[in-house]
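Computed from heavy atoms alone, side chains included, the values below leave out hydrogens, waters and symmetry copies. Below, read A as the first sequence line, B as the second, and so on, with proteins coming before strands; counting in each chain starts at 1.
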Number of protein chains: 2
Amino acid sequence: MISIKDVAKHAGVSVATVSRVLNNSGYVGQDTRVKVEKAIKELNYKPNEVARSLFKKQSSTIGLIVPDIMNPFFPELARAVEDTAIQLGYNVILCNSDGDEKKEQNYLDVLQQQYVNGIIVSSNTLTAAQIERLNIPVVSIDRVISKGLPTIVVENKKGAMMATRFLQSKGCRRIGHIKGNSRVLNAKERCEGYMEIVGEEPWFNETYIAEGQYDMQSSIQATLELLQRHPDIDGIFAANDIMAIGAIKAAYQLGKKVPEDIAIIGFDGISLSKATTPELTTIEQPIYEMGEKATKLLVSLMEQQQTADPESYKVLDVTLIEREST
Amino acid sequence: MISIKDVAKHAGVSVATVSRVLNNSGYVGQDTRVKVEKAIKELNYKPNEVARSLFKKQSSTIGLIVPDIMNPFFPELARAVEDTAIQLGYNVILCNSDGDEKKEQNYLDVLQQQYVNGIIVSSNTLTAAQIERLNIPVVSIDRVISKGLPTIVVENKKGAMMATRFLQSKGCRRIGHIKGNSRVLNAKERCEGYMEIVGEEPWFNETYIAEGQYDMQSSIQATLELLQRHPDIDGIFAANDIMAIGAIKAAYQLGKKVPEDIAIIGFDGISLSKATTPELTTIEQPIYEMGEKATKLLVSLMEQQQTADPESYKVLDVTLIEREST
DNA sequence: TTGAAAGCGATACCAA
DNA sequence: TTGGTATCGCTTTCAA
């Protein structure tokens, strides 16, 4: 590959001069600049980013670590992050951690070794200490790691309350909840929101809650068990859209019609929620906005060379989208 | 960050020696090795990958360029590539090109500048020349760029024929096709397969084909138009699963029941195809296997330091999965 | 068996 | 306004 030396030779100047025109820094004579630019074009020279990174300890790259690329929520988020990052002049490295603590730590190491300028991460297991050790800006998205860290999340509890109350308003008498894994903070918050509304009802007890894994398979299983345990359930709040879709399938398997026999509401507002039959009523997160905000926040931290600031903990609002499943 | 110098100092040896134990190369005395390993552990030293890459002109990284991360097919593929790559000791950088020629070329440049060892790409617009210029191994996946290039694809035409014939066997008399964008090769092949079966039928003409974009929204539109043009259509072969799901929605909008009034079959076998109601009959590609095979092929090319070999053009088989939509 | 030093490709300081 | 050169952190020859 062509290096800066080749360009310098071709243009009859020193590498220092070439570097100056490349970076628009320092003084360069008008005609020298032209000569160099010509050489660059003629040789189709592209500066070597690795060498650059080595010197600068920066790589114009941001890392994005997500727990489950197969859940459409994260591709949508990734899309937003990528769009925004590119607009701001950064590339993104997307990493899939599987929610596995070891993999997360490994990616953190890898990204740091690659001199990424900053990281956006969605994790349940990472601690504030692990992140502070990195000494580069990190924005936590979709899950809070510590209130002191830059964070973009939504009103999970409030959204869950809206969802549950909405089912009540639709006439549901017995409302079950398909919960995400207890170790996932937002799953816990959503469950709390549900409890807030039905916790004091005379019929309520914990067997109205079934736990899944934020994926469809586990949700089908959980819903089947839940509905067999309580055939009188006429409303389900599922902790995310994928699980809500699973719940619909499970209901059908038991011969129940949605929404006639049982109303089902999800959480996330992934674009898939419009694709099902019946279309899913859901609590919509502003997914694109979350990715965009997180990226802008991260970049601003990077450019101010700081790892946090008091303004950087943001809780976005959610919206109830009524469709056919309720 | 801790560097090799710190380790050398701490262990009381030269950096060359540290490098030797790091890479298990050359001679290192037994006790020296122990000393160095102890120092590495004590300082929690991790070699700087950027510096390493600069010297080696390799980065133990492979690039993956996909056209649409929002189509679940690609996350599934990415997942397979990532799993396999990590197993073989490589990291992967995932890039989303939007099918845009400029973005693709840009990512190719970026990846090359990052010294990736190889690239897996799914593209309609890249040419063999552009790829050969890179001078690193590239595997084309899901779409063929040139028969001379390492490639993993499936029997698109055959699959399309299977799908169309299957609709016939289910008693469909008028079979329409929702086609992907004509500029996408596999969309063309799938359309050819369809034509192969119905092209000679007395009722057939080109108005039985409607073109979409491999996404749901365009497919709904296309299906609506198709069914208004030909209310007698009782079977639809959609060129991918997302479009098939769109077709189902469109059918419902027009008051047609699936599969009673109209049978619908897709192509891809994304896991979502099991999630819909009714579940989607589809031509399943071995997505995970494709990603795995592509990665293994790429790594073997990388390790043999070659950019192609005669064995590297692979066409995998597809399977018809009958579910509820037909 | 070990260490010194050159070099990977860029940047930025200091002199000229 | 330009050029020489140390430097980033690592690998690898060459000598010792």
Side-chain angles (χ1 to χ4, degrees), chain A residues 1-40 43-61 109-117 135-136, chain B residues 1-40 43-61 109-117 135-136:
Chain A
M1 271 202 321
I2 309 274
S3 84
I4 196 171
K5 271 189 198 161
D6 304 314
V7 177
K9 201 169 293 172
H10 193 84
V13 298
S14 76
V15 294
T17 302
V18 176
S19 176
R20 273 184 218 107
V21 347
L22 242 34
N23 300 285
N24 265 307
S25 61
Y27 293 95
V28 185
Q30 193 41 244
D31 30 349
T32 318
R33 157 162 280 124
V34 172
K35 266 196 305 190
V36 172
E37 277 165 351
K38 187 156 156 282
I40 289 179
L43 300 177
N44 187 30
Y45 164 74
K46 301 260 176 6
N48 181 318
E49 287 302 331
V50 173
R52 240 180 195 174
S53 303
L54 178 58
F55 186 89
K56 296 228 203 170
K57 299 177 185 301
Q58 304 261 317
S59 61
S60 338
T61 299
D109 288 343
V110 169
L111 291 174
Q112 189 179 29
Q113 288 160 33
Q114 301 272 7
Y115 284 138
V116 297
N117 295 37
N135 222 10
I136 52 175
Chain B
M1 271 204 321
I2 308 272
S3 85
I4 196 171
K5 270 189 199 161
D6 303 314
V7 177
K9 202 170 293 173
H10 193 84
V13 299
S14 75
V15 295
T17 302
V18 177
S19 175
R20 276 185 212 107
V21 348
L22 242 33
N23 299 285
N24 266 307
S25 60
Y27 292 94
V28 185
Q30 192 40 243
D31 30 348
T32 319
R33 157 162 279 125
V34 172
K35 265 196 306 191
V36 172
E37 277 165 351
K38 188 158 154 280
I40 291 179
L43 299 177
N44 187 29
Y45 165 73
K46 301 262 179 4
N48 180 317
E49 288 301 331
V50 173
R52 238 181 198 173
S53 303
L54 179 59
F55 185 90
K56 295 228 205 171
K57 299 176 185 300
Q58 303 262 315
S59 63
S60 334
T61 299
D109 288 345
V110 169
L111 291 174
Q112 190 180 29
Q113 286 161 35
Q114 301 272 6
Y115 285 139
V116 298
N117 295 38
N135 221 7
I136 52 174

Kindly give the atom pairs (protein nitrogen or oxygen, nucleotide nitrogen or oxygen) under 3.5 Å for nucleotides 3-5 of chain C.
unit_1	atom_1	unit_2	atom_2	d
dG3(C)	OP2	Ser14(B)	N	3.0
dG3(C)	OP2	Ser14(B)	OG	3.2
dG3(C)	OP2	Thr17(B)	OG1	2.6
dG3(C)	N7	Arg20(B)	NH2	3.0
dG3(C)	O6	Arg20(B)	NH2	2.5

For this session: Would you indicate what Ser3(A) reaches in the nucleic acid, counting non-hydrogen atoms under 4.0 angstrom: base, sugar-phosphate, or nothing?
Result: sugar-phosphate
Exercise. Where is the tightest heavy-atom contact between Val28(B) and Thr32(B), given as atom of each residue plus distance?
Worked result: CG1-CB, 4.2 Å
Seminar exercise, completed: From the candidates dC10(D), dG9(C), dT11(D), the one with an atom nearest any side-chain atom of Asn48(B) is dC10(D)
Exercise. Could you go step by step and tell me if Leu22(A) and Arg52(A) meet the side-chain contact (heavy atoms from CB on, under 4.5 Å) rule?
Worked result: CA-CA 12 Å; Leu22(A) 242 34; Arg52(A) 240 180 195 174; 4.2 Å; yes
Exercise. Between Val116(B) and Ile136(B), does a side-chain contact (heavy atoms from CB on, under 4.5 Å) hold up when you go through it step by step?
Worked result: CA-CA 8 Å; Val116(B) 298; Ile136(B) 52 174; 3.9 Å; yes
Problem set entry | Distance test, side-chain N/O of Arg52(A) to OP1/OP2 of dT11(C), below 4.0 Å | yes
For this session: Begin from the C-alpha positions of Lys35(A) and Val13(A) and carry the test side-chain contact (heavy atoms from CB on, under 4.5 Å) through to its verdict.
Result: CA-CA 9 Å; Lys35(A) 266 196 305 190; Val13(A) 298; 4.2 Å; yes
Exercise. Between Ile40(A) (CD1) and dA10(C) (P), how many Å, whole number?
Worked result: 10 Å
Exercise. Whole-Å distance between dT2(C) C1' and Arg33(B) CZ?
Worked result: 13 Å
For this session: Check the distance between dT1(D)'s C1' and Lys35(A)'s NZ and give it to me in whole angstrom.
Result: 12 Å
For this session: Considering just the side-chain nitrogens and oxygens of Tyr27(A), establish if one lies under 4.0 Å of OP1 or OP2 belonging to dA16(C).
Result: no
Problem set entry | Lys57(B) vs dG9(C): side-chain N/O to OP1/OP2 distance below 4.0 Å | yes
Exercise. Between atom NZ in Lys5(A) and atom C1' in dG3(D), what is the gap in whole Å?
Worked result: 15 Å
Exercise. Taking atom NZ of Lys38(B) and atom NE2 of His10(B), what is their separation to the nearest 0.5 Å?
Worked result: 6.0 Å
Exercise. With distance as the sole test, does Ser53(B) use its side chain to make a donor-acceptor pair with the main-chain N or O of Glu49(B) at under 3.5 Å?
Worked result: yes
For this session: Rounded off to whole Å, could you give me the CD-to-P distance for the Gln114(B) and dG9(C) pair?
Result: 15 Å
For this session: Any chance you could lay out the side-chain contact (heavy atoms from CB on, under 4.5 Å) test for Lys46(A) and Gln112(B), step after step, and finish with the verdict?
Result: CA-CA 10 Å; Lys46(A) 301 260 176 6; Gln112(B) 190 180 29; over 6 Å; no
Seminar exercise, completed: Note: for Lys56(A) and Ala51(B) on DNA chain C, the residue whose nearest nucleotide lies more 5' is Ala51(B)
Exercise. Roughly how many Å is it from NZ in Lys9(A) to P in dG9(C), rounded to a whole number?
Worked result: 12 Å
For this session: Would you indicate, yes or no, if dT11(C) has its OP1 or OP2 atom less than 4.0 angstrom from a side-chain nitrogen or oxygen of Asn23(A)?
Result: yes
Seminar exercise, completed: To the nearest angstrom, the CG-C1' distance between Leu54(A) and dT11(D) comes to 13 Å
For this session: Measure from CG on Leu22(B) to P on dC10(D) and round the result to the nearest Å.
Result: 8 Å
Exercise. Val50(A) near the nucleic acid: base, sugar-phosphate alone, or nothing, with a heavy-atom cut-off under 4.0 Å?
Worked result: nothing
